[in-house]
Amino acid sequence: MMIKLEQLVPRPLKDRLSARPSDIWNTTLTLEPGNIVKIKAPSGSGKTTLIHIIYKLRQDYDGSVYFDERPLPAIVENELAIVRQTQMAVVFQDLRLFPNLTARENIDLKRILQTPLYDAEKIDEMAERLGVKHILEQQAGICSYGEQQRIAIIRSLIQPFSWLIMDEPFSHLDNNNTRLAASLIAEECKKRGAGLLVTDLDEDSNFDYTHRYQL
Amino acid sequence: MRIQILTTRIDINFERAMRSLNTLLKKLIRTATGRKRFVMAFIGLSVAMLLILSAVQIQVDYNDLLNSKTNQDSIANFLVVNKVLTDRNLGATSLNDSEIADLKRQGFVEAVGLLTPSRFKASIQSASDRFPFFTDIAFESVPNDFIDVVSKDWHWDESSRFVPIIAPNMFLDFYNFQFSFSQNLPQLTQTVVKMIVFKINVYTPNGIMTLNGKVVGFSDRISSLLVPQEFMNWGNSRFANAANAKPSRAILRTKDPGNPTLVSYLKEKGLATDADKTRFSRYRHIVDLVVKIAWVTGLLMFLFAMVIFTLFIQLTIASCKEEIILLVTLGASPGQLRHFLVRQFFPVNVLIVLISMIMITGLQYGAHIWLARQNVYLDTWLGPTTFIAAAAILGLIWAVNRVTIRKYIRLSTN
């Protein structure tokens, strides 16, 4: 799936953003399948806003977003659900896990929302690799933020997708855990030939980025 | 072959996934959040369902009692009507054509027959002196459709050996239980009376013409001596001593002599009939009212219960609003959620309808046994109408559930 941004500007940030240059806002940008994209952005420059716009959680923007020539506002209800089930996986900055479900249930929910791509055993395998297997039966609400972050990453990887978008996915992980997570993510994206879009505050070399943008 | 195995595997995986998804959704969208409210809604809806389905069954039973063959009173369904005789209409009691046409037009009238009186003078007397009797007499005739006596002898033409007569039971009772005692005469059974051949004297301008007569049957329907229409036409055309007169009495067939509309129609038109046959109309008013009250109460209860149930669904969705929003954010389709929620709420309604139907079946069976002892025959089991009503109500509940769920899911995700 191709993602195209056209003269995109979030309305609440309009004044602030018009004063400074950006590779994303107010320009036309096409993200091709298989691209590995890094968007570096200082705090308050609209990083989360961009993720939410692409994921269609907010519509308060000028300009347009297209998925494969299809304007985003035209994708609604069940079609939107299908996009989220099979085309676009996400890791939110605020993770958005169900605190009352166990870590495993949080991941499994995303696995079985559509025809499953992987068997249930894949959850254990991924959790093992990220060092969170021991907390799989714990309620997500009582896991540490770092653990929750890895659960959210596994949740995004358990579903089919052609784009994985991540908002500061490693903010609470140490270098070693970041490396493990990044390697799993890269592997899963490669397996699917999927695109990856990562936003972060600083430069990093977690992935072999094909494009780097400044927000 | 491989493809088939693969598809089967995917199907099994998909089914298993659906089941686990339902388990997870159940954990997230807890219908138990308002257990008290749920129990209230359940009880309310059950009572309402019981009332409304009972009302349907009562209506079915009621119609059944009024119209079914076993409960029908063959005498009561035929009413002989004539004008109420007052000082003002003495000698002018005939029914004119427009009055008869009007009577035929009424919805409660199935058929109207005119009673023709004999317009010639006649008497009957015994054929032998062993059992002497003599009396002046008058006959009446009515179209055969209105006669309830089946007899092979019920026909007449000029070559017939005797004139068949249908006598009212009342006459024989009067003879057997009053007249015979006072005159010291033997009592007579119907069979004996039917064997007696007597003489009918018709007084013609040319003298007395004597014919043989015989009673061929007894009836409670019309209190006159009935002769075949052919004999009446023959006699009236040949010996009538007055011009062709209009009929004064009519017999009407009705499904329901207790029908209040019939009673008020007769009253309005100044017509009289056997009041005994129409006496049920007063009770009918009351029963009608009771059935109507059952309907209205049932409907109102149903309405309230539906509101409670709808509120309950709304409350469940509202209390899980955040979970629902996150589910949709993660990619659950509104359709998936709706499907899940309908499956959560609808089976309860099916259960309620089932319980109500079982209870009403019990009540119907009880009523059947109890009323049978009093010679009122109800069906043992529920009629198809009640089942259709139950299915229709279930359909309505399903639609309301679906609409409510669709509406509140949309409200909470937009």
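Letters A, B, ... are given to chains in the order of the sequence lines, protein chains preceding strands, and every chain is numbered from 1.
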Subject >> Atom pair NZ (A/K110) and CG (B/L21), whose distance is rounded to the nearest 0.5 Å >> reply: 11.0 Å
Original post:
Would you say A/E137 has more than 12 foreign heavy atoms packed within less than 6.0 Å of its CD?
Top reply: yes
**OP:** Check A/N106, A/L113, A/L109 against B/L24 for a side-chain contact (heavy atoms from CB on, under 4.5 Å) and give me the one that passes.
**Re:** A/L109
Original post:
Taking atom CZ of B/F346 as the centre, does the number of heavy atoms from other residues, nucleotides or ligands within less than 6.0 Å exceed 12?
Top reply: yes
Original post:
Does any N or O in the side chain of A/R84 come within less than 3.5 Å of the main-chain N or O of B/S333, such that one atom is a donor and the other an acceptor?
Top reply: no
Original post:
For the residue pair B/T329 and A/Y55, what are the closest heavy atoms and their distance?
Top reply: O-OH, 2.7 Å
Original post:
More than 12 foreign heavy atoms under 6.0 Å from CE of B/M357: is that the case here?
Top reply: yes
**OP:** Measure distances from A/L101 to the heavy atoms of chain B and classify the residue's part below 4.5 Å as side chain, backbone, both or neither.
**Re:** side chain
Original post:
Which pair of heavy atoms, one from B/G331 and one from A/Q85, lies closest together, and at what distance?
Top reply: O-NE2, 2.8 Å
Original post:
Is B/R343 atom CZ crowded by more than 12 heavy atoms from other residues, nucleotides or ligands, each under 6.0 Å away?
Top reply: no
**OP:** Decide if atom CZ of A/R16 counts as having more than 12 heavy atoms of other residues, nucleotides or ligands within a radius under 6.0 Å.
**Re:** no
**OP:** Go through A/N100, A/N78, A/L57 and name the one with the most non-hydrogen pairs under 4.5 angstrom from chain B.
**Re:** A/N78
Subject >> B/E322, CD atom: more than 12 neighbouring heavy atoms under 6.0 Å >> reply: no
**OP:** Hey, could you give me the OG1/CG distance between B/T23 and A/D108, rounded to the nearest 0.5 Å?
**Re:** 9.5 Å
Original post:
Where does A/R155 contact chain B at under 4.5 Å (heavy atoms): side chain, backbone, both or neither?
Top reply: side chain
Original post:
Around atom CZ of B/F304, are there more than 12 heavy atoms of other residues, nucleotides or ligands at under 6.0 Å?
Top reply: no
